[in-house]
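Everything below concerns the one structure shown next.
We use all heavy atoms of the structure for the numbers below, so side chains are in, but hydrogens, waters and symmetry mates are not. In this chain, residues are counted from 1 in sequence order.
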Amino acid sequence: MAKKLTAIILAISLLFTAFAIPSFAADETSSTERGFYRFVDGLLDAVVSGITSLIFEPHEWTTKDKYESENFYEGHKVNEFLNEPAEGAAWSLGYANASLLTGKELEEEHYVGGSLSVTKKLATDVRDDQKVRTIAVSDGRGISIFAVLDSFGLANNEVRVIREKFQEYADAKGFNITSINISCLHQHSCVDTFGLNGDIINALFTSSFRNLFGMELPSGKNKNYMENLYKVTVQSMVDAVKDMKSGNLFYGSVDMSEYIKDKRDPKVFDGDLNRIRFVPSDGTRETWLLNLPVHCVGHGAAGTVLTGDYPYYIEKYLNENANANFIQILGAELAITSEYPENLVRDPKLEAEYGDGYAGLAAYGELLGKLACTISNDEPIAPILNIRHKEIFVPVENSIFKLAARGGLLTNEVVKSGLGYEVVTEIGYAEFGTSLAVALIPGELAPEIAYGGAVTAEESWDGTEWNYSAFADVTDRRVIVFGITNDQIGYMMTDNDWRSYLTENEEIVSTGPEAGAIIAEEYLTLYAEIN
């Protein structure tokens with residue numbers, strides 16, 4: 001009876017937090033209301049933490065001092081960073097893309113990412129292909145790989161599985177691999193590859209028993225789909241390396257701020273549609289890497305239809321009209337979504353067959369594809385690719401995340417640190433040429449951390465200042481962010497802008513108030529070591 005009661009309370013607690021919706025914006029709450037929300041947060045944390053303590057820890061969790069790093073790529077050493085091209089340096093780049101679908105998405109249980117659900121949120125229709133798109137790029141000193149998945153997210157331990165499998169091939173072929181990066185487009189209508197969108201009730205009712213006896217925990221990931229994902233992603237990396245050819249890289253951008261909506265104060269974002277364009281010397285098809293900060297949530301977060309969201313239609317437009325290969329990496333996208341112009345014309349056939357939501361995301365993707373084709377300020381990128389990574393640990397202070405981790409729904413690598421827990425993750429810093437810098441970030445970053453404009457003490461909920469320099473302020477290079485890269489640890493906000501589980505969505509899906517500060521500190525430390 002006690003176990004049943006515990007499970008019921010556990011389910012209610014998680015479901016309560018999962019369906020909390022913003023009731024007030026930060027600037028609409030008085031100090032008294034903020035105090036009340038914080039008080040309720042404290043009660044919620046105490047209840048959830050108490051319940052979590054009754055669940056046995058998974059057997060595979062180890063202590064931080066016993067953790068052994070595997071399949072982590074350091075990148076270049078500090079003394080290997082170049083300020084000018086090496087003698088004879090030249091760009092080479094290869095491209096590949098492949099479908100991640102197995103054909104059994106509607107036969108076997110495939111949960112759909114995007115939002116938690118009390119019932120089994122299983123795929124009911126496959127509208128678009130789910131892809132991996134990959135580039136292999138080199139300045140002549142080694143190969144760096146960037147693969148991007150149509151996916152809600154991928155934990156760092158899954159990234160390392162992919163690295164291990166590819167490295168076996170690389171070793172056999174004698175390839176010099178400097179860096180392997182796996183990003184996700186964070187579609188909210190894709191097969192769940194992160195695990196968080198699985199069977200909540202099953203996880204909560206059986207997790208303690210399973211952990212006690214060392215049994216596998218349930219999650220939202222389909223084993224067959226994941227095995228195929230590893231295989232296809234590795235093969236795309238192989239194919240991209242095989243496709244490498246010499247050519248030139250260019251960077252350009254165009255303002256797309258009118259098509260961006262920031263749902264959370266402060267209203268800060270990178271308003272550019274950034275493009276890194278590779279032009280092969282042999283005159284074959286170009287490859288365009290686009291970088292922008294807009295969530296892929298055009299088909300909603302609670303549906304059961306698999307879509308590629310707006311990137312699918314950017315790719316369609318560029319393939320057909322620019323004769324260009326396509327790959328996209330999201331920027332700093334904390335609470336940023338699409339802003340459709342009033343005159344956005346939907347395809348009447350798509351609208352009639354699939355509804356306004358799908359027709360809208362298709363039209364938005366085509367709009368951005370057309371916008372990318374207007375970029376006219378291309379500047380050549382000198383053949384220098386400096387890249388370095390750092391393994392870091394982020395404390396899990398959010399009681400909801402602790403609960404999800406013990407229940408098997410949060411599948412990131414967790415280590416025990418004293419009485420608490422930390423997530424093993426990584427950050428990175430890259431330089432393309434002499435004027436472009438890239439911050440490699442393992443989740444959804446608040447843009448003000450990268451670009452400045454954080455709330456002041458007077459504007460904040462706790463009356464404190466944000467004490468870290470913006471990434472863009474410590475360099476004279478153009479800084480762009482590659483978000484949800486090599487991990488998905490959720491939202492990362494400035495510590496003085498942590499509000500309440502009851503007023504915002506971002507706080508619920510974050511490791512805790514310190515996440516943004518730790519990422520900022522580690523990134524700035526890494527940058528200082530290099531520069």
request  = Give the C-alpha distance, both sets of side-chain angles, the deciding distance and a yes or no for side-chain contact (heavy atoms from CB on, under 4.5 Å) between Tyr37 and Arg499.
outcome  = CA-CA 8 Å; Tyr37 287 132; Arg499 300 171 192 173; over 6 Å; no
inquiry  = If you apply the rule salt bridge (charged side-chain N to carboxylate O under 4.0 Å, His left out), what do you find for Asp262 with Arg264, and how did you get there?
reply    = CA-CA 6 Å; Asp262 192 345; Arg264 179 179 175 126; over 6 Å; no
task = Carefully, step by step, assess Glu391 and Tyr67 under the rule side-chain hydrogen bond (donor to acceptor under 3.5 Å, both in side chains).
result = CA-CA 12 Å; Glu391 190 172 58; Tyr67 167 75; 2.9 Å; yes
key: Residue pair Asp487, Asn412: steps toward the side-chain hydrogen bond (donor to acceptor under 3.5 Å, both in side chains) verdict   = CA-CA 8 Å; Asp487 205 356; Asn412 302 69; 3.1 Å; yes
message = I'd like to know whether Ile375 forms a side-chain contact (heavy atoms from CB on, under 4.5 Å) with Phe250, so could you lay out the CA-CA distance, the side-chain angles of the two residues, the decisive distance to 0.1 Å, and finally the verdict.
response = CA-CA 11 Å; Ile375 294 174; Phe250 300 87; over 6 Å; no
request  = Under the side-chain contact (heavy atoms from CB on, under 4.5 Å) rule, what do Glu80 and Arg388 come out as? Steps first, then yes or no, please.
outcome  = CA-CA 10 Å; Glu80 293 175 332; Arg388 185 167 175 80; over 6 Å; no
request  = May I have the step-by-step check of side-chain contact (heavy atoms from CB on, under 4.5 Å) for Val509 and Phe401, ending in yes or no?
outcome  = CA-CA 8 Å; Val509 192; Phe401 260 39; 4.1 Å; yes
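Counting only N and O atoms by type, the side chains of Asp462 and Asn496 include no donor and acceptor under 3.5 Å apart. Side-chain atoms of Asn386 and Arg141 form a donor-acceptor pair, as typed in the model, at a separation below 3.5 Å. Residues Ser500 and Asp41 bring a donor and an acceptor atom of their side chains to less than 3.5 Å of each other. Under the 3.5 Å distance criterion, with hydrogens and angles disregarded, no donor-acceptor pair is assigned to the side chains of Asp150 and Tyr312. Side-chain atoms of Asn181 and Ser183 include no donor-acceptor pair closer than 3.5 Å. Counted by atom type alone, Gln167 and Asn71 present zero donor-acceptor pairs between their side chains at under 3.5 Å.
Shortest non-hydrogen contact noted between Ala382 and Pro85 is CB-CG, 4.0 Å. Thr193 approaches Gly153 most closely through the heavy-atom pair OG1-O, 2.7 Å. Here the shortest heavy-atom pairing between Thr411 and Asn157 reads O-ND2, 2.8 Å. Nearest heavy atoms, Ile381 versus Ile276: CD1-CG2, 4.2 Å. Closest non-hydrogen pair, Glu448 versus Pro266, comes out as OE2-CD, 3.6 Å. Minimum heavy-atom separation, Ser510 to Tyr491: OG-O, 2.9 Å.
Under a 3.5 Å cut-off, the side chain of Thr485 and the backbone N or O of Gly483 do form a donor-acceptor pair. A distance-only check finds no donor-acceptor pair linking the side chain of Asp139 to the backbone of Trp91 [under 3.5 Å]. Between the side chain of Arg477 and the backbone N or O of Gly433 there is at least one donor-acceptor pair closer than 3.5 Å. Put simply, the side chain of Tyr364 gets close to the backbone of Tyr259: a donor and an acceptor are under 3.5 Å apart. Judged by distance alone, with hydrogens and angles left aside, the side-chain atoms of Asp309 form no donor-acceptor pair with the main-chain N or O of His188 at under 3.5 Å. The main-chain N or O of Asn274 is never found under 3.5 Å from a side-chain atom of Asp272 such that the two would form a donor-acceptor pair. Without hydrogens or angle criteria, Gln488 side chain to Gly443 main chain gives no donor-acceptor distance under 3.5 Å.
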Show me, pair by pair, the donor-acceptor contacts under 3.5 angstrom made by side chains of residues 329-341, not counting sequence neighbours?
{"from": "Glu333", "atom 1": "OE1", "to": "His295", "atom 2": "ND1", "distance (Å)": "3.2"}
{"from": "Tyr340", "atom 1": "OH", "to": "Leu361", "atom 2": "N", "distance (Å)": "3.3"}

Side-chain polar contacts of residues 511-524 - donor-acceptor pairs under 3.5 angstrom, sequence neighbours left out - could you list them?
{"from": "Glu521", "atom 1": "OE1", "to": "Tyr468", "atom 2": "OH", "distance (Å)": "3.3"}
{"from": "Glu522", "atom 1": "OE1", "to": "Lys390", "atom 2": "NZ", "distance (Å)": "2.7"}

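Between Ile135 and the choices Asn97, Val241, Thr287, the side-chain contact (heavy atoms from CB on, under 4.5 Å) rule is met once, by Thr287.
Comment: Asp270 engages Arg478 in a salt bridge, judged by a side-chain N to carboxylate O separation of less than 4.0 angstrom. A salt bridge does not link Glu413 with Arg160: none of the charged nitrogens is closer than 4.0 Å to a carboxylate oxygen.
In this structure, Phe81 and Tyr429 have parallel ring planes: the angle between them is below the 30° cut-off, well short of the 60° mark. Aromatic ring pairs are classed by plane angle as parallel below 30°, tilted from 30° to 60° and perpendicular above 60°; the pair Phe146 and Phe432 is tilted.
Tyr230 is linked by a side-chain hydrogen bond (donor to acceptor under 3.5 Å, both in side chains) to Glu158, counting only residues two or more places apart in sequence or in another chain.
When the shell of 6.0 Å around CG of Asn83 is examined, it contains 12 or fewer heavy atoms from other residues, nucleotides or ligands.
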